[in-house]
Amino acid sequence: MDELNVKILGIESSCDDTCAAVLSGTTLLSNVVAGQQVHRDYGGVVPELASRAHQQNIVPVVDIALKKAGIKREEIDAVALTRGPGLMGSLLVGISFAKALSLGLNKPLIEVNHMQAHILSHFIQTPGEAYAPPSFPFLCLTVSGGHTQIVLVRDYFDMEVLGETLDDAAGEAFDKAAKILTLPYPGGPLIDAMADAGNPSAFSFPIPNVQGLNFSFSGLKTSFLYLIRDGKINAPDFVKTHIHDLCASFQHRIVSILVDKITKASEQTGVKQIAIAGGVAANSGLRKALQESANKYDWKIYIPKMQYCTDNAAMIAITGYFKFLRKEFAEYDLVPKARFEFSSSRIKE
Ligand code: KG4
Ligand code: ZN
């Protein structure tokens, strides 16, 4: 079989997006994401509602992905699925569907770690665009609603977590701040948009005192809450009148924490190829700050296209593709893993 023609269907349902994508080799043929509006008013994802919405969306999303790719089910060479980490009920929907499809088509099943997939999203080739993935080794700052990690990537499946958050994830901090501002979920993109017209030095937030390459964001959320509580005492319209400055200052602090740690990681490892991944990689402040550091420290940086930053199945399919080449197939008795860590060379069971 010609490696470039291997067709992988990826399925992703770990949180609140129902996603399916098809790749031919490393090239993207389709990438479909169905978001879930149902969580908007809750300030976060409601697991029970998420799994029900996945159940409704999964069949049409996969059908559309195949249609857009211009291929029939029978032409798929393997089905790749997200095994974890994520919400149990959500993962179960994608996994059960993938197992059924794989059995029905008599094509292999491939399990994928969602966090590794975020990193390997850098290897997706978009048709008509230049293909310049990172070479090994590189550092990846994976920042999403559930995770904040600095990973040393030595090879496709040889990754080492050098640091991670001890409490909230960076995206979670954005979302919690947005909730305090009574903005709908997910608040990260809204804070980003409003920060654009604000002054990042208007308010100052403490820098968490965390050793090494680990992170902590929960204290930041608390100081944001107190700033607003105190501000409202003298000015009931405090949030309304300062919304842009509040967003810009909060974003500035999160970005400076992230960039500071990735700079330390680069110094410690000597690696100057820096990638970012995950939903928060869509943040314009982070992208800009990273570019500035790249100029300052002579880094080569890799910032994924927006569609590969937030949760998507193209990243599951590309990871599945590299496993397909290694003939790493899954068993049908596999179960979801809500927590799914990876160590230096292998995924930890
Ligand atoms: O990777 P992702 O889609 O899902 C998880 O695996 O968590 O990341 C979603 C997170 C949410 O917390 C969302 O608020 C955040 O990414 N996010 C952003 C931006 N776009 C998405 N945060 C800051 N600025 C953005 N532009
Ligand atoms: Zn994610």
Side-chain angles (χ1 to χ4, degrees), residues 8 10 12 14-15 23 26 80-86 91 110-125 132-166 169-171 212-215 258 261-281 290 299-304 308-330 334 336-349:
I8 307 284
E12 152 64 36
S14 64
C15 191
L23 294 190
T26 54
L81 60 91
T82 304
R83 186 176 178 193
L91 290 164
I110 301 172
E111 62 163 275
V112 170
N113 178 301
H114 180 92
M115 299 310 295
Q116 286 194 322
H118 267 301
I119 296 169
L120 295 179
S121 68
H122 284 277
F123 294 88
I124 302 166
Q125 189 167 4
S135 54
F136 302 113
F138 64 93
L139 289 169
C140 189
L141 173 68
T142 315
V143 267
S144 72
H147 299 269
T148 302
Q149 294 183 329
I150 293 179
V151 182
L152 174 61
V153 188
R154 296 193 192 88
D155 204 342
Y156 296 111
F157 298 103
D158 185 356
M159 303 184 183
E160 184 177 354
V161 179
L162 302 181
E164 60 192 330
T165 185
L166 304 175
L213 298 175
N214 288 331
F215 300 89
L258 294 173
K261 293 282 170 152
I262 195 77
T263 306
K264 275 207 182 99
S266 172
E267 280 166 8
Q268 284 178 18
T269 57
V271 174
K272 287 182 167 233
Q273 289 209 99
I274 315 280
I276 52 172
V280 181
L290 212 66
W299 293 345
K300 191 156 170 36
I301 55 168
Y302 297 87
I303 302 180
Y308 306 138
C309 285
T310 45
D311 284 350
N312 66 86
M315 68 185 197
I316 306 304
I318 191 81
T319 310
Y321 172 68
F322 293 128
K323 287 198 165 187
F324 184 93
L325 298 182
R326 297 154 64 109
K327 298 194 170 47
E328 275 186 38
F329 301 122
L334 80 85
K337 287 184 72 71
R339 290 177 58 80
F340 196 2
E341 292 161 2
F342 52 90
S343 61
S344 59
S345 60
R346 290 193 52 79
I347 290 174
K348 264 192 225 160
E349 275 295 323

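Because the structure is predicted, anything quoted here is derived from the model rather than measured. Each residue takes its place number in the sequence, starting with 1.
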Y156 ring center near F123 ring center (under 6.0 Å): yes
Value rounded to 0.5 Å, distance of CD1 in I8 from CG in L325: 8.0 Å
Residue pair A170 / V143: nearest heavy atoms and the distance that separates them: CB-CG1, 4.0 Å
Distance (rounded to the nearest 0.5 Å) between I318 CD1 and Q125 CD: 8.5 Å
Point-to-point distance, once rounded to the nearest 0.5 Å, from CG of L91 to NZ of K337: 11.5 Å
By side-chain hydrogen bond (donor to acceptor under 3.5 Å, both in side chains) - contacts of Q273 (at least two apart): S135, Y302
S14 versus P85, closest heavy-atom pair with distance: CB-O, 3.6 Å
Distance-minimising heavy-atom pair for N312 and T310: ND2-O, 2.8 Å
Interatomic spacing from CG in L81 to OG1 in T319 - rounded to 0.5 Å: 11.5 Å
Aromatic ring pairing H114/H118, orientation class (parallel under 30°, perpendicular over 60°, tilted between): perpendicular
Where I316 and A117 come nearest, the two heavy atoms and their spacing: CD1-CB, 3.7 Å
Audit row: F138, I274, side chain to side chain contact (heavy atoms under 4.5 Å, CB included) steps and yes/no: CA-CA 6 Å; F138 64 93; I274 315 280; over 6 Å; no
Donor-acceptor pair, side chain of K261 and main chain of N214, under 3.5 angstrom: yes
By side chain to side chain contact (heavy atoms under 4.5 Å, CB included) - contacts of R326 (at least two apart): F157, E328
Pairs involving residues 138-150, ordered by first then second residue, that meet side-chain hydrogen bond (donor to acceptor under 3.5 Å, both in side chains) (sequence neighbours left out): Q149-E164
Side chain N113, main chain F340, donor-acceptor under 3.5 Å: yes
Least distance between heavy atoms, G145 atom then A169 atom: O-CB, 3.6 Å
Heavy-atom side-chain contact between M159 and I119 under 4.5 Å: yes
Backbone of I262 reached by a side-chain donor or acceptor of S266 within 3.5 Å: no
Interatomic distance, I276 atom CD1 to I150 atom CD1 [nearest 0.5 angstrom]: 12.0 Å
CA sep, side-chain torsions, deciding dist, call: K264, L213, side chain to side chain contact (heavy atoms under 4.5 Å, CB included): CA-CA 7 Å; K264 275 207 182 99; L213 298 175; 3.6 Å; yes
Heavy-atom closest contact (P304 atom, A277 atom, distance): CG-CA, 4.4 Å
Trace of the side chain to side chain contact (heavy atoms under 4.5 Å, CB included) decision for R83 with L334: CA-CA 8 Å; R83 186 176 178 193; L334 80 85; 3.9 Å; yes
Interatomic distance, L152 atom CG to D158 atom CG [nearest 0.5 angstrom]: 8.0 Å
Evaluation steps, side chain to side chain contact (heavy atoms under 4.5 Å, CB included), between D311 and T82: CA-CA 11 Å; D311 284 350; T82 304; over 6 Å; no
Validation row: L120, V112 side chains within 4.5 angstrom (heavy atoms): no
